[in-house]
Amino acid sequence: MDTSSPSAFVNGALLGRLAGRKVRTVVQVIGSEIGSVVGKTTDDVQIFVRGSSPAPLTTYVEVIGIAESDNSIRAETWTNFGNTFDPQNFNELCKLANGEFKHLFM
Amino acid sequence: MIIVLLICSEFEFRNSGYRLGFLAIDSLFNANDGKMKIKAMLPATLTSVITSGKIQNLGLIRLLDYTANDIPGKSEEKYLIVTKCEAVAPALDSVIKAEIKASNGIMLKSKQDFVAKSASQIINEQRGNAAPAARMAMTRRVHPLVSLNPYQGSWTIKVRVTNKGVMRTYKNARGEGCVFNVELTDEEGTQIQATMFNSAAKKFYDTFQMGKVYYISRGSLKLANKQFKTVQNDYEMTLNDNSEVEEARNEEAFVPETKFNFVPIDGLGAYVNQKELIDVIGVVQSVSPTMSIRRRNDNEMIPKRDITLADETKKTVVVSLWNDLATGLGQELLDMADKHPVIAIKSLKVGDFQGVSLSTISRSNVVINPDSPEATKLKSWYDSEGKETSMSAIGSGMSSSANNGSRSMYSDRVCLSHITSNPSLGDEKPVFFSTRAYISFIKPDQTMWYRACKTCNKKVTEAMDSGYWCEGCQKKDEECSLRYIMAVKVSDSTGEAWFSAFNDEAEKIVGCTADGLNELKSEEGEVNEFQTKLKEATWSSHLFRVSVSQQEYNSEKRQRVTVKGVSPIDFAAETRLLLQDISKNKTSH
């Protein structure tokens with residue numbers, strides 16, 4: 001396992017706190033422009049995911065990349081997560097992984 | 001009951017002596033009450049009190065239950081057969097002698113005071129020419145039910161039919177037959193169940209009528225089967241063709257009122273799926289038409305009708321009436337439903353269908369507009385305010401998930417160690433759990449299926465010439481199908497366990513039918529598809545609904561975990577469950 005550049009699980013609220021770090025999140029795709037995708041995080045924050053996305057995208061997409069600001073990520077990896085992802089569960093995971101159980105995550 | 005103090009002397013032990021009725025006589029002794037002496041016997045079941053030294057020579061005992069009988073093949077003497085006794089004092093120094101003479105005729109007082117009069121005397125005195133049954137009552141001593149035991153000779157009881165079962169048919173290895181039973185109550189309120197088979201059942205089925213009083217004699221008693229007993233009595237009665245049943249006409253019939261012990265509707269939750277039967281009283285809110293329900297074990301169609309009852313707790317409950325209660329009494333209720341009668345029902349089962357629901361069983365007893373203070377109170381409550389009150393179904397107040405199918409899979413979730421660490425789990429009755437686990441091993445060389453009848457799924461045997469014989473359907477078929485019955489090993493993070501899985505569940509685990517798997521097994525070739533199929537089934541996780549029960553195997557109790565349902569993992573739902581557990585753990589630490 002490559003542990004050289006770990007990516008933290010984030011939702012919309014956590015994104016700003018980790019600017020410049022490598023992060024991973026899951027968004028619901030709500031639109032796309034040239035060079036970026038507009039997505040909704042699991043805690044209902046609208047963010048921009050920059051970079052060239054593969055086509056087609058499913059409703060839910062996981063992106064791994066560098067947090068640029070509290071509402072944008074420069075994506076390196078895109079993964080389709082299908083159309084039936086449970087956003088609440090992921091949101092809880094983000095909270096646990098950055099809160100009480102932070103020590104368990106890289 | 002008369003209590004007699006006796007001094008025992010001269011014990012004589014007999015090892016497996018002779019048998020009297022069902023009673024193996026094991027020891028003989030002379031009993032002496034200071035005035036008289038009588039030979040007495042203790043049955044083998046009481047031997048331990050002698051060998052343990054509780055009853056000694058010249059010891060003082062109190063007789064709690066006994067009969068005095070002639071012993072076939074013995075002399076004219078009567079023998080005292082002790083069925084229950086207790087030691088009062090240890091051995092005395094010597095036999096108390098107050099001119100003891102062994103008596104021929106027994107002088108012990110009978111258990112009930114009974115003035116012996118000749119039959120003609122009584123008839124002259126009291127009845128003139130009354131009905132034969134009445135004479136029977138006069139001339140025969142009527143025994144209280146509580147005094148009956150299997151070792152007694154002739155007796156007559158006077159009892160009221162307080163519950164009459166329906167005629168049931170059965171089929172077993174010895175053939176077909178029918179059976180029905182009644183519940184009898186005597187004046188003292190003691191109850192006993194009487195069972196009749198075949199010809200006796202046919203003979204007495206119409207004789208016995210609910211609520212009427214009868215003289216009964218020449219029945220036999222045996223120990224009651226605790227599993228099936230419905231009344232408080234250590235014994236149950238069997239009536240055969242020779243038994244005498246006579247209605248007590250022209251007599252002031254005593255009425256042991258059906259004793260109700262009402263549970264308020266909002267208190268029913270505590271009884272869900274318990275063995276205990278309950279009584280309810282309520283105002284009829286609605287009555288459904290009859291429906292036909294196919295009973296799963298024998299495919300028989302049985303009528304059912306649902307009624308809704310309400311009481312002062314402002315809760316309603318659905319009661320399912322079955323069989324005759326659905327068609328007969330149910331129709332009566334439907335006709336008068338708009339008048340909102342009060343009904344009292346004795347002996348109902350409480351189930352978890354729709355949260356909480358009630359169901360009649362064969363011995364349930366329904367009384368419409370009973371003449372009781374409870375009924376009057378309920379009726380006046382209903383007329384004054386109940387009618388206008390909004391009421392809710394008792395079931396809907398239960399855990400919200402209880403109403404949909406998800407309850408079975410997501411509640412009472414346990415891990416395997418919860419089941420395996422408690423070997424006595426399911427001792428009383430089977431308990432149900434849900435558990436998420438991996439199939440870790442399916443032994444390929446086990447007998448994992450049986451040949452089943454295509455109609456009834458029961459086991460078939462190979463017929464003489466060709467084809468298969470089904471004992472259940474009593475017919476032969478050219479073909480049969482295979483049905484799984486297999487043991488699988490399952491694992492989770494807490495341990496391992498063996499589950500038994502039957503056809504439908506095993507099919508989901510293995511991923512093909514037993515017939516299909518058998519085909520793979522018989523195929524020859526380099527790659528054994530059969531082995532591959534079983535390997536594929538291993539290390540996949542499922543959600544299991546299991547029952548845990550105890551089975552006796554070689555007189556040793558063993559836990560048996562049976563798969564009642566298998567479903568694929570819903571990962572989102574499982575995650576939610578894990579999140580719940582995490583937050584529960586957080587709050588508890």
Side-chain angles (χ1 to χ4, degrees), chain A residues 1 6-15 17-18 23-30 39-47 49 56-64 77-106, chain B residues 398-418 433-439 490-495 508-509 511 536 539-545 565-589:
Chain A
M1 190 162 88
S7 48
F9 283 98
V10 294
N11 59 12
L14 291 158
L15 193 57
R17 294 193 348 217
L18 294 170
V23 295
R24 95 167 53 202
T25 192
V26 177
V27 295
Q28 183 184 347
V29 178
I30 48 179
K40 195 172 74 177
T41 61
T42 52
D43 54 346
D44 262 343
V45 176
Q46 197 161 311
I47 64 165
V49 184
L57 291 175
T58 57
T59 310
Y60 290 97
V61 176
E62 184 200 48
V63 293
I64 301 173
T77 315
W78 302 73
T79 312
N80 275 330
F81 264 21
N83 302 323
T84 57
F85 188 73
D86 188 316
Q88 273 80 41
N89 279 338
F90 184 81
N91 202 45
E92 290 305 312
L93 169 66
C94 292
K95 285 198 248 171
L96 290 172
N98 290 279
E100 203 178 344
F101 299 100
K102 197 170 178 185
H103 58 283
L104 296 175
F105 293 81
M106 287 186 291
Chain B
M398 310 299 283
S399 72
S400 59
S401 59
N403 290 328
N404 55 42
S406 70
R407 172 189 183 259
S408 53
M409 279 300 182
Y410 296 107
S411 59
D412 54 40
R413 179 67 72 88
V414 297
C415 46
L416 292 178
S417 65
H418 179 87
F433 298 108
S434 298
T435 185
R436 173 166 52 91
Y438 286 87
I439 302 288
V490 295
S491 308
D492 73 1
S493 60
T494 68
K508 286 183 189 159
I509 293 169
E536 277 169 7
W539 300 118
S540 57
S541 62
H542 304 271
L543 207 47
F544 296 100
R545 183 78 186 153
V566 185
S567 52
I569 306 288
D570 175 342
F571 290 98
E574 290 299 310
T575 309
R576 275 193 294 272
L577 214 58
L578 289 173
L579 285 168
Q580 264 175 32
D581 280 350
I582 291 171
S583 68
K584 247 188 259 162
N585 276 336
K586 273 199 291 196
T587 50
S588 64
H589 282 299

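Note that the structure is predicted; figures quoted are calculated from it, not measured.
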Worksheet entry | Minimum side-chain heavy-atom gap A/L96-B/L579 below 4.5 Å | yes
Item to complete: Using a cut-off of 6.0 Å, state whether more than 12 heavy atoms not belonging to A/F81 lie near its atom CZ.
Response: yes
Worksheet item: CD of A/Q88 to CZ of B/R576: how many Å apart, nearest 0.5 Å?
Response: 8.0 Å
Worksheet item: A/F90 versus B/T575: any side-chain heavy-atom pair under 4.5 Å?
Response: no
Item to complete: Locate the shortest heavy-atom distance separating A/N89 from B/A572; write the atom from each residue and the value.
Response: ND2-O, 2.8 Å
Worksheet item: When you look at CZ of B/F571, are more than 12 heavy atoms from neighbouring residues, nucleotides or ligands closer to it than 6.0 Å?
Response: no
Practice prompt. Counting only heavy atoms closer than 4.5 Å, note whether A/F85 contacts chain B via side chain, backbone, both or neither.
Written response: neither
Worksheet item: Which atoms of B/L578 come close to chain A, meaning under 4.5 Å heavy atom to heavy atom: side chain ones, backbone ones, both, or neither?
Response: neither
